[in-house]
Amino acid sequence: MTDRERATPAIPDDDPSRTLTVANPDDPATTYISLAGGTYAMLITGEQTNGQYCLIDMRIPDGGGPPPHRHDFEEMFTLLEGEIEFTFRGEKHLVRAGSTVNIPANAPHNFRNTSGAPARMLCVCTPAGQDEYFLRVGDEVAGKDAPPPQLTDDEMAERRQRATDLAPEYRTEML
């Protein structure tokens, strides 16, 4: 056995209990969540990846986006349509379709669609968990084009409080 073979752990055997996942935002089985002014499709969940990552299709209307926050996991966004203004450590960056943004763990950030038109992006979080958080704090809607629920001021305040209360459980801090 060479030094390299001793230093490199063996790749585990294939786990046949894990199956191929094909994600399609138009699949009727896709779960859609109304959150932060947008509609998020849970394409690939942590449950499907053994907790390794999740993939979320985000449709962000003009004015949509989350408040400033940070979390101890990596987050990557690929803009598919439109443009989004990302604020990273207090500095604004305008990002257009075709670009990818990586947010390092623990860095303060947020994004806002200030373009006057809808935007769409894919979000990958590693490890997974953000998908579960979104499911717990958002409102499920019927599909990608479904209108957001009409919430009263009290209901909106309850959603914000729930997001704040659950944030530590999902390694997130609202700023």
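Only this structure's heavy atoms are used, side chains among them; waters, hydrogens and symmetry mates stay out.
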**Q** Taking Asn24's backbone N and O only, do any of them form a donor-acceptor pair with Thr30's side chain (distance below 3.5 Å, no angle check)?
**A** yes
**Q** Between Arg96 and Glu83, does any NZ, NE, NH1 or NH2 come within less than 4.0 Å of an OD or OE carboxylate oxygen?
**A** yes
**Q** For Glu158, which of Arg162, Gln161, Arg160 qualifies under side chain to side chain donor-acceptor pair (under 3.5 Å)?
**A** Arg162
**Q** Keeping the roles fixed (side chain from Gln52, backbone from Thr49), state whether a donor-acceptor pair exists under 3.5 Å.
**A** no
**Q** Does one hydrophobic cluster hold both Leu55 and Met76, with members joined at side-chain heavy-atom distances below 4.5 Å?
**A** yes
**Q** Listed by chain and number, what are the salt bridge (Lys or Arg N to Asp or Glu O under 4.0 Å) partners of Glu81, not counting sequence neighbours?
**A** Arg120
**Q** Salt-bridge test for Asp26 and Lys144: reply yes if a basic N is under 4.0 Å from a carboxylate O, no otherwise.
**A** yes
**Q** Taking transitive links into account, so neighbours of neighbours count too, which hydrophobic residues share a cluster with Ile33 at under 4.5 Å side-chain distance?
**A** Leu35, Tyr40, Met42, Ile56, Met58, Ile60, Phe77, Leu79, Ile84, Phe86, Phe88, Val95, Val101, Ile103, Phe111, Met121, Tyr133, Phe134, Leu135, Val137, Leu166, Tyr170, Met174
**Q** State plainly whether the residues Arg59 and Asp145 are in salt-bridge range, i.e. N to O under 4.0 Å.
**A** no
**Q** Would you give the length of the straight line joining atom CG of Asp131 to atom CZ of Arg136, rounded to the nearest 0.5 angstrom?
**A** 12.0 Å
**Q** Just checking Asp27: does its CG atom have more than 12 heavy atoms from other residues, nucleotides or ligands closer to it than 6.0 angstrom?
**A** yes
**Q** Hey, what do you get for CG (Asn110) to CG (Leu175), rounding to the nearest 0.5 Å?
**A** 9.0 Å
**Q** Under the side-chain hydrogen bond (donor to acceptor under 3.5 Å, both in side chains) rule, collect the residues that match up with Arg70, sequence neighbours excluded.
**A** Glu173
**Q** If I compare all heavy atoms of Pro66 with all of Arg112, which pair ends up nearest, and what's the gap?
**A** O-NH2, 3.5 Å
**Q** Should Asp154 and Thr152 be marked as a side chain to side chain donor-acceptor pair (under 3.5 Å) after you check the CA-CA gap, both sets of side-chain angles, and the distance that decides it?
**A** CA-CA 5 Å; Asp154 286 345; Thr152 65; 5.3 Å; no
**Q** Locate the shortest heavy-atom distance separating Cys54 from Gly129; write the atom from each residue and the value.
**A** SG-N, 4.5 Å
**Q** Are Gln130 and Thr172 close enough that some pair of their side-chain heavy atoms sits under 4.5 Å apart?
**A** yes
**Q** Taking atom CG of Asp62 and atom OG of Ser115, what is their separation to the nearest 0.5 Å?
**A** 5.5 Å
**Q** Do you know which two heavy atoms are closest between Ala23 and Ile44, and how far apart they sit?
**A** CB-CG1, 3.8 Å
**Q** Where is the tightest heavy-atom contact between Val141 and Ala146, given as atom of each residue plus distance?
**A** CB-CB, 4.0 Å
**Q** If you take all heavy atoms of Pro149 and Asp139, which pair is closest and at what distance?
**A** CG-CB, 3.8 Å
**Q** Just how far is it from atom CD of Glu140 to atom OG of Ser34, taken to the nearest 0.5 Å?
**A** 11.0 Å
**Q** Could you check whether His109 and His71 have their ring centres less than 6.0 Å apart?
**A** yes
**Q** Once you round to the nearest 0.5 Å, how far does CG of Asp15 lie from CG of Asn50?
**A** 7.5 Å
**Q** Which atom pair, heavy atoms only, marks the closest approach of Asn102 to Pro104?
**A** O-CD, 3.5 Å
**Q** Donor-acceptor pair, distance only, cut-off 3.5 Å: does the side chain of Thr87 make one with the backbone of Gly90?
**A** no
**Q** Could you go through Thr78 and Thr100, starting from their C-alpha distance and side-chain angles, then the distance that decides it, and tell me whether this counts as side chain to side chain donor-acceptor pair (under 3.5 Å)?
**A** CA-CA 4 Å; Thr78 298; Thr100 298; 3.0 Å; yes
**Q** How far does OG1 of Thr114 sit from CD of Glu85, to the nearest 0.5 angstrom?
**A** 4.5 Å
